[in-house]
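For reference, the structure discussed in these notes is given below.
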Amino acid sequence: MQKLTALILSYNEEANLPDCLQSVQWADEIFVVDSFSTDRSVEIAESFGARVAQHEYLNNAAQKNWAIPQCSHEWIVIVEADERMTPELRQEIEQLFEQPMQHDAYFVYRRNFVFGREVRHGGWDRDKAARLIHRHCRYGERQLAAEVVLDKPAGWLRGRMPHYPYREFDQLYAKFQRYTSWGAIELNKQGVRANWVKILLHPLWGFFKQYVLRRGFLDGYIGLILAGQTASYIFTKYAKLWYIQQIEEKVVR
């Protein structure tokens with residue numbers, strides 16, 4: 001049977017790591033790549049028997065691309081610190097390993113829990129990620145939403161992976177500044193120009209699509225808050241893009 005490495009990226013994740021590490025104890029190897037945490041993340045990882053390496057974080061894709069070749073086994077299950085493997089997913093992976101693998105990567109849908117409640121609408125129900133990959137796979141170099149690069153179709157795992165992105169309200173906006181800045185930088189690299197339509201109308205469309213078309217309103221106040229946060233994210237991302245381009249134009253002039 002194939003052997004498996006569980007790969008976890010961490011930075012100041014002492015609150016999330018115990019449950020995450022416990023959920024992957026069945027893996028043949030647990031490999032934690034830490035970005036020089038200032039809390040007890042490394043100590044916690046080592047207490048669960050994980051192999052730990054320190055590496056400077058540039059972006060999610062670069063960190064994974066550095067970590068994947070360091071894994072000991074041919075197959076890797078990637079688990080973010082705020083995600084959990086389940087017994088059902090473990091059983092499904094073990095069953096896959098009993099026969100020749102048909103794909104280089106397998107996607108899984110995630111169950112997202114925000115402020116302790118599962119978000120079932122607004123597009124969150126469609127949230128997916130590649131979580132079981134062969135070690136020759138690599139991620140496209142992007143600041144945000146990095147995706148594994150494949151030359152043939154991926155497979156799917158039937159189970160869903162629990163994901164706890166925001167346990168407290170402050171976590172929502174702790175990521176907001178980083179993600180809006182990274183998003184603006186990525187758009188600028190792609191040659192996207194900021195204008196009033198993108199700054200004003202795109203956020204309104206983002207709210208309407210998430211809250212109305214994708215029925216985010218069915219998630220109550222959490223659905224409203226998340227749709228509002230999406231609109232705010234889009235507005236701030238394009239506002240930062242405009243600011244970056246204004247600075248660049250002044251430099252050129």
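What's counted below: heavy atoms across the whole structure, side chains too, no hydrogens, waters or symmetry copies. Remember, predicted model here, so these are calculated numbers, not experimental data.
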message: Treating N12 as the side-chain partner and D39 as the backbone partner, does any N or O pair qualify as donor plus acceptor under 3.5 Å?
response: yes

query: Stepwise, does the side-chain contact (heavy atoms from CB on, under 4.5 Å) test hold for D104 with D151?
result: CA-CA 9 Å; D104 292 335; D151 55 12; 4.3 Å; yes

- prompt: Taking the side chain from E29 and the backbone from S72, do they hold a donor-acceptor pair closer than 3.5 Å?
  reply: yes

query: Are side-chain heavy atoms of H134 and E74 found at a separation under 4.5 Å?
result: yes

Short side-chain to backbone donor-acceptor contact, E43 and R40, under 3.5 Å: no

- prompt: In this structure, are over 12 heavy atoms from other groups packed under 6.0 Å from Q190 atom CD?
  reply: yes

- request: State plainly whether one hydrophobic cluster holds both Y11 and I78, where clusters connect Ile, Leu, Val, Met, Phe, Trp and Tyr through side-chain heavy atoms under 4.5 angstrom apart.
  value: no

Closest approach of M85 to S23 (non-hydrogen atoms, all atoms of both residues): N-OG, 3.1 Å

- prompt: Is the number of heavy atoms from other residues, nucleotides or ligands within 6.0 Å of CZ (R178) greater than 12?
  reply: yes

- prompt: At their closest point, which heavy atom of S10 faces which heavy atom of S41, and how far apart are they?
  reply: OG-CB, 4.4 Å

- prompt: Would you call Y57 and F36 a side-chain contact if the rule is heavy atoms closer than 4.5 Å?
  reply: no

query: Are W26 and L157 connected in a single hydrophobic cluster, I mean Ile/Leu/Val/Met/Phe/Trp/Tyr linked by side-chain heavy atoms less than 4.5 Å apart?
result: yes

statement: Which of E56, Q63, Q54 passes side chain to side chain donor-acceptor pair (under 3.5 Å) with S35? It is Q63

task: Dump the intermediate steps for side-chain contact (heavy atoms from CB on, under 4.5 Å) on C20 and E13, then the final yes or no.
output: CA-CA 10 Å; C20 178; E13 292 283 2; over 6 Å; no

query: Taking C-beta and beyond as the side chain, do L187 and I244 meet within less than 4.5 Å on heavy atoms?
result: no

Check: D125 and R120 side chains under 4.5 Å, non-hydrogen atoms: no

message: Closer than 3.5 angstrom, by distance alone: can the side chain of R135 be matched with the main-chain N or O of C71 as a donor-acceptor pair?
response: yes

- request: Please determine which of R131, R111, H163 meets the side chain to side chain donor-acceptor pair (under 3.5 Å) test together with E83.
  value: R131

- request: Work out which heavy atom in V24 is nearest to a heavy atom in A6; give both atom names and the distance.
  value: CB-CB, 3.9 Å

query: Can you find a pair of side-chain heavy atoms, one from E92 and one from E88, that are under 4.5 Å apart?
result: no

query: Is it true that a side-chain atom of D28 and a backbone atom of K3 form a donor plus acceptor pair closer than 3.5 Å?
result: no

- request: Mark yes or no for whether D219, through its side chain, and I222, through its backbone, hold a donor-acceptor pair below 3.5 Å.
  value: no

query: Under a 4.5 Å cut-off applied to non-hydrogen side-chain atoms, are R160 and T86 in contact?
result: no

message: Membership question, hydrophobic clusters at under 4.5 Å side-chain separation (ILVMFWY): are L224 and F217 in the same one?
response: yes

message: Please verify the inter-ring angle class for Y106 with H103; under 30° counts as parallel, over 60° as perpendicular, anything in between as tilted.
response: perpendicular

query: So, Q177 and K240: side-chain donor and acceptor under 3.5 Å apart, yes or no?
result: yes

field: Whether W75 and F97 hold their rings parallel, tilted or perpendicular, with breakpoints at 30° and 60°
entry: tilted

- request: Report the residue from L7, I44, L21 that forms a side chain to side chain contact (heavy atoms under 4.5 Å, CB included) with V32.
  value: L21

query: Should the pair K64-E80 be classified as a salt bridge under the 4.0 Å nitrogen-to-oxygen rule?
result: yes

For N195, the option from I199, V197, V192 that meets side chain to side chain contact (heavy atoms under 4.5 Å, CB included): V197

task: Give the minimum heavy-atom separation between A130 and I133, together with the two atoms involved.
output: CB-CG2, 4.4 Å

task: Using modelled atom types only, decide if a donor and an acceptor are shared between the side chain of Q210 and the backbone of T230 within a distance under 3.5 Å.
output: no

field: Joint cluster assignment, Y166 & F113, ILVMFWY side-chain distance < 4.5 Å
entry: no

- prompt: Would L17 end up clustered with M161 when hydrophobic side chains under 4.5 Å apart are linked, directly or stepwise?
  reply: yes

query: At what distance, to the nearest 0.5 angstrom, does CZ of F48 lie from CD1 of I30?
result: 8.5 Å

message: What I want to find out is whether R193 reaches E248 closely enough, with some N-O distance under 4.0 Å, to be called a salt bridge.
response: no

query: What are the two closest heavy atoms between Y233 and G183, and how far apart are they?
result: OH-CA, 4.2 Å

query: Do L150 and C137 come close enough that some side-chain heavy atom pair is under 4.5 Å?
result: yes

- request: Fit a plane to each ring of H55 and W66, take the angle between them on a 0 to 90° scale, and name the class: parallel (under 30°), tilted (30 to 60°) or perpendicular (over 60°).
  value: parallel

- request: Would you indicate whether the side-chain heavy atoms of Y164 and R84 approach each other to under 4.5 Å?
  value: yes

message: Please identify which of these residues, F207, F208, Y238, meets the ring pair (Phe, Tyr, Trp, His ring centres under 6.0 Å) condition with H202.
response: Y238

task: Identify the two heavy atoms, one from D34 and one from V52, that lie closest to each other, and give their separation to 0.1 Å.
output: CB-CG1, 4.5 Å

